[in-house]
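For clarity, every value in this text was computed on a predicted model and none was experimentally measured. In what follows, every chain begins at residue 1, and chains take the letters A, B, ... in the order their sequences are listed.
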There are 2 protein chains.
Amino acid sequence: MTARKPTMADVARHAGVSLKTVSRVVNQEPHVRASLQRRVQAAISALGYRRNEAAARLARGASMLTLGLVMENISNEFYARLAAAVEAAAAEHEALVVFGSYEESPDKERMLIESMAARGVDSLIVVPSAADHAWLAEHASLRLVFVDRVPRGLAAADVVMLDDERGGRDATGHLLAGGHRRIALISDDDGLSSVHDRATGYRAALAAAGLPVDDGLVVRGVFDPGLVAREVTRLLGLADPPTAFFATNNRAAIGILQALRERAARPERAAYAGPADVGPAYVGFDDFALADVFSPGVTVVRYDVSALARSAVELLLRPQEGARRVRVPVELVPRGSGELPPPLSP
Amino acid sequence: MTARKPTMADVARHAGVSLKTVSRVVNQEPHVRASLQRRVQAAISALGYRRNEAAARLARGASMLTLGLVMENISNEFYARLAAAVEAAAAEHEALVVFGSYEESPDKERMLIESMAARGVDSLIVVPSAADHAWLAEHASLRLVFVDRVPRGLAAADVVMLDDERGGRDATGHLLAGGHRRIALISDDDGLSSVHDRATGYRAALAAAGLPVDDGLVVRGVFDPGLVAREVTRLLGLADPPTAFFATNNRAAIGILQALRERAARPERAAYAGPADVGPAYVGFDDFALADVFSPGVTVVRYDVSALARSAVELLLRPQEGARRVRVPVELVPRGSGELPPPLSP
């Protein structure tokens with residue numbers, strides 16, 4: 001923090017005046033009292049504040065001071081963490097963040113982007129829906145950076161993504177290394193590039209182990225934890241059930257937790273306590289706050305949400321022609337659920 | 001949804017034009033192509049859209065179209081849910097939401113409010129810190145509604161709160177009804193009116209049962225789940241430990257979960273499995289997404305976050321002199337953790 005460049009906010013705090021006053025002095029607006037001007041100038045000297053960057057942004061238009069963040073649903077933990085990280089990254093550039101959640105509606109996604117644009121918010125970070133985004137080509141004046149997913153129909157988009165395929169491969173490889181052979185995939189809409197790439201990693205890991213993909217163990221397009229729980233229960237009731245699961249996002253991991261909890265609560269299970277009762281194993285994608293409070297803890301593929309957010313804000317601030325792609329690395333965090341062994345063969 | 005009044009966004013969707021175009025037609029701005037004007041007018045007629053309310057807001061200043069939301073930390077589930085609910089309530093009035101998290105810093109809280117004001121966001125919903133807010137009296141042009149807590153030092157503030165004292169009383173009464181006599185209170189900074197009122201409810205319930213408050217069982221000012229876990233472990237190690245806990249917010253409930261998990265993992269506990277091993281019981285304040293996925297489920301005091309948000313937005317839109325207070329009701333949701341019995345006396 002000490003190496004950080006002083007901001008207008010620092011100057012305001014040091015001078016004991018409002019940010020607006022600093023802004024007015026820095027921008028040489030009229031009607032600022034001479035005594036306030038002196039205080040602000042003294043604070044600028046004391047802190048070594050340099051106007052350059054902020055001034056350049058102001059010259060490009062004041063709207064740079066507000067970034068838009070458009071995503072599925074801020075009440076989901078992934079998005080809440082992303083919003084907090086975008087806010088922090090934006091604050092380093094003295095920008096505020098206006099957010100909007102489109103839930104599952106591409107129509108609402110478009111309305112949000114257009115509402116923001118109509119109100120002068122021309123720099124946007126978007127976690128795109130699976131719908132076609134070609135309509136954005138009309139909005140040439142918008143600066144856009146996409147996060148987590150490649151938008152369909154926009155060839156020249158800047159995108160900050162996770163190393164999704166690697167994550168899927170590592171998660172599945174981890175379960176294979178633990179002795180599992182029947183590993184189910186529980187995935188969201190694979191029209192989303194992130195989900196698609198995680199599933200590709202799952203298949204690559206099976207192939208590397210010389211195992212075919214059993215389509216009966218692949219569940220696609222389940223968005224809601226309740227639906228996931230139903231599918232997991234169905235799979236566990238198969239004659240030849242999976243012994244492990246790879247969940248491509250946090251909602252899917254939570255659905256698995258729900259299903260296993262319901263299963264443990266059933267009286268016929270409680271009566272039985274053989275070694276087969278320890279499983280199934282599972283690995284999720286996306287960390288969540290309570291993942292290590294469950295017993296066993298939830299093994300996940302994790303990444304630095306701040307790195308996602310910072311990269312996105314940096315791309316926004318350095319507009320440039322062409323389709324830039326940034327990949328943020330992922331890592332597997334073993335906590336217990338992914339290390340449960342398969343049941344002994346009967 | 002069918003009884004909802006049509007919005008500009010509905011008109012835009014129906015006409016297949018951007019929101020900006022609708023706004024330009026509605027506000028009779030020049031340079032709108034005649035064909036677009038006709039499409040918009042046709043959509044306005046078809047939907048029965050009435051300009052009145054939006055026009056009145058526009059006349060008061062376009063800034064009404066963006067609400068500010070200032071809170072502790074959007075990555076905490078309570079705030080993420082609140083943000084989603086404020087966004088939904090604001091959208092009903094065609095307003096976007098710009099948010100800011102001040103974490104634990106009253107300085108940052110002030111900077112955020114001043115930054116928003118400096119950028120023309122003059123209608124703010126604030127979850128205030130425990131610091132004095134008298135400085136806000138200087139900002140007479142801001143419209144402010146406080147949520148969850150009464151700000152210190154501002155006599156005329158509008159506040160939307162929960163029925164906190166009732167929640168504290170019900171939670172503690174529930175544990176008393178289950179036979180508990182040694183009930184610990186785990187609370188955040190009681191300079192926050194919400195925390196203070198929940199603790200008042202705890203004491204009232206004990207008094208109603210003819211029990212004194214044992215100060216040795218009262219923990220104040222613990223903010224972080226890790227610190228809560230340490231305090232819970234310390235209390236459980238007392239010669240005469242509590243048999244139950246009341247946690248005044250979601251972070252405290254999560255800290256209790258952590259402590260109990262660590263305790264269950266210790267080998268000396270695993271070896272022992274008498275009836276005393278079922279407890280301790282606990283009740284949290286604030287629901288959270290995974291509360292019913294734990295085993296036992298987490299008993300909480302719950303409320304309608306949308307009601308908090310809608311009330312706040314309504315107060316903002318009907319500015320009025322005086323200190324309005326709205327209380328949103330709470331309810332106890334038994335899920336298992338609050339119904340665990342006290343251990344049998346030795």
*For chain A, find which of B:Glu138, B:Arg119, B:Glu262 contributes the most heavy-atom pairs closer than 4.5 angstrom.*
B:Arg119
*Heavy-atom pairs under 4.5 Å with chain A, option from B:Val293, B:Leu69, B:Asn73 with the top count*: B:Val293
_Results of side-chain contact (heavy atoms from CB on, under 4.5 Å) for A:Ala307 - residues two or more places apart only_ = A:Asp304, A:Arg310, A:Val328
*Where is the tightest heavy-atom contact between A:Glu87 and B:Ile74, given as atom of each residue plus distance?*
OE1-CG2, 4.5 Å
*Evaluate the ring planes of B:Phe99 and A:Phe99, with Trp represented by its six-membered ring, and classify them as parallel (under 30°), tilted (30 to 60°) or perpendicular (over 60°).*
perpendicular
*asked:* Run the ring-ring contact (aromatic ring centres under 6.0 Å, His included) test against A:Tyr102 and tell me which residues pass, sequence neighbours left out.
replied: none
*Kindly indicate whether the side chain of A:Leu96, heavy atoms from C-beta on, has any atom under 4.5 Å from the side chain of B:Val121.*
no
_Between A:Val97 and B:Val98, does the side chain to side chain contact (heavy atoms under 4.5 Å, CB included) criterion hold? Intermediate values first, please._
CA-CA 5 Å; A:Val97 180; B:Val98 55; 5.6 Å; no
_More than 12 heavy atoms of other groups within 6.0 Å of B:Arg261 CZ_ = yes
*asked:* Whether the side chain of B:Arg13 engages the backbone of A:Lys108 through a donor-acceptor N/O pair (distance < 3.5 Å, no angle test) should be reported.
replied: no
_Residues of residues 75-82 of chain A contacting chain B, heavy-atom criterion under 4.5 Å, by residue number_ = A:Ser75, A:Ala80, A:Arg81
*asked:* Can you tell me how far apart CE (A:Met111) and CG (B:Asp10) are? Round to the nearest 0.5 Å.
replied: 8.0 Å
*Write out, in numerical order, the residues from residues 252-260 of chain B with a heavy atom short of 4.5 Å from a heavy atom in chain A.*
B:Ile254, B:Leu257, B:Gln258
